[in-house]
Amino acid sequence: MGLEQYRRSVKESKRASILAAAHENFLKNGFSRAAVADIAREADVSTATLYKHFSSKEELFVTVVRESYGELGEEFGDISATGTPREVFYKLARAYLQAQFDHQVVGLMRIVIAEVPTAPDVALDAYNFITLHRYAQLTRVVDQMVERKMLKPHDTKLSIVLLAGMIKEVMIWPALFDASVTLPDNADDIIYEAIDIYLARYGA
């Protein structure tokens with residue numbers, strides 16, 4: 001390993017440690033009560049090192065939110081490339097719910113909501129990525145399905161919000177207000193019920 005590659009590896013390792021520590025700290029303390037010095041200590045780096053990677057606590061929080069979703073958006077295109085509309089929407093719903101529960105995005109969403117009065121810019125930035133950016137990605141997928149004549153021509157921006165709403169109302173909203181809520185055993189049944197309602201209206 002060359003010197004530059006080693007330095008890059010160390011830098012990436014420190015960044016990953018900072019994000020992991022920040023993720024746990026934000027979930028435990030919320031945004032306002034989380035302390036950068038505590039996060040740095042838990043990541044085993046100096047505060048100066050943390051600020052070399054992230055210019056502010058706000059930037060760190062938004063990055064944690066984005067990282068928690070991973071590369072889900074980039075995977076949407078692959079998911080929609082093959083399969084029936086029912087299969088495609090099921091895979092999309094499952095990928096979304098995995099991000100929400102396995103990556104603890106629901107917990108981060110609680111923090112975003114709590115910070116609306118005290119840190120509105122942070123909350124808005126996170127909302128733009130968690131919700132609006134995700135809807136835009138999903139709308140592009142549905143547009144492609146319309147072009148392939150898998151779905152009828154329709155207002156895809158509206159339809160994807162309606163489909164997501166059916167799933168969120170049953171599985172996400174309860175988890176926002178009760179941290180003990182997990183995915184129900186009949187999650188697949190709920191997903192397919194929502195998809196079938198959607199396809200009854202928009203299926204080709």
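We count residues from 1, following the sequence as given.
Counting only distance, with no hydrogens or angles, the side chain of Asn128 and the backbone of Leu124 share a donor-acceptor pair below 3.5 Å. Between the side chain of Asp155 and the backbone N or O of Leu158 there is at least one donor-acceptor pair closer than 3.5 Å. In this structure a side-chain-to-backbone donor-acceptor pair under 3.5 Å is missing from Lys157 to Thr139.
Between Ser17 and Ala43, the shortest heavy-atom distance links the atoms O-CB, 3.5 Å. For the pair Pro85 and Leu151, the tightest heavy-atom approach, listed with the atom from each and the gap, is CB-CD2, 4.3 Å. The shortest non-hydrogen separation linking Phe101 to Leu183 is CE1-CD2, 3.5 Å. Counting all heavy atoms, side chain and backbone alike, Ala34 lies closest to Asn25 at CB-OD1, 3.4 Å.
Residues Leu108 and Tyr127 do not share a hydrophobic cluster, defined by chaining ILVMFWY side chains whose heavy atoms lie under 4.5 Å apart. Hydrophobic clustering (side-chain heavy atoms under 4.5 Å, transitive across Ile, Leu, Val, Met, Phe, Trp, Tyr) keeps Leu132 apart from Ile172. Under a hydrophobic clustering in which Ile, Leu, Val, Met, Phe, Trp and Tyr are joined whenever their side-chain heavy atoms come within less than 4.5 Å, directly or via other members, Val62 and Val112 fall into different clusters. Hydrophobic clustering (side-chain heavy atoms under 4.5 Å, transitive across Ile, Leu, Val, Met, Phe, Trp, Tyr) groups Met171 together with Val161.
Salt bridge status for Arg140 with Asp143: absent, with no side-chain N to carboxylate O gap under 4.0 Å. Note on Arg15 versus Glu67: salt bridge recorded, some NZ/NE/NH1/NH2 to OD/OE distance being below 4.0 Å.
No side-chain heavy atom of Tyr90 sits less than 4.5 Å from a side-chain heavy atom of Thr84. For the pair Ile39 and Lys57, the minimum side-chain heavy-atom distance is 4.5 Å or more. For the pair Asp121 and Glu58, the minimum side-chain heavy-atom distance is 4.5 Å or more. Lys11 has its side chain within reach of His53: a pair of non-hydrogen atoms, C-beta onward, lies under 4.5 Å apart.
Under the 30°/60° scheme for interplanar angles, the aromatic rings of Phe26 and Phe31 are found to lie parallel. Ring geometry for Phe177 against Trp173 counts as parallel: the plane angle stays under 30°, on a 0 to 90° scale with 60° as the upper cut.
Crowding of Asp44 atom CG: a count of heavy atoms from other residues, nucleotides or ligands under 6.0 Å not exceeding 12.
The distance from the CG atom of Leu199 to the NZ atom of Lys152 is 10.5 Å, given to the nearest 0.5 Å.
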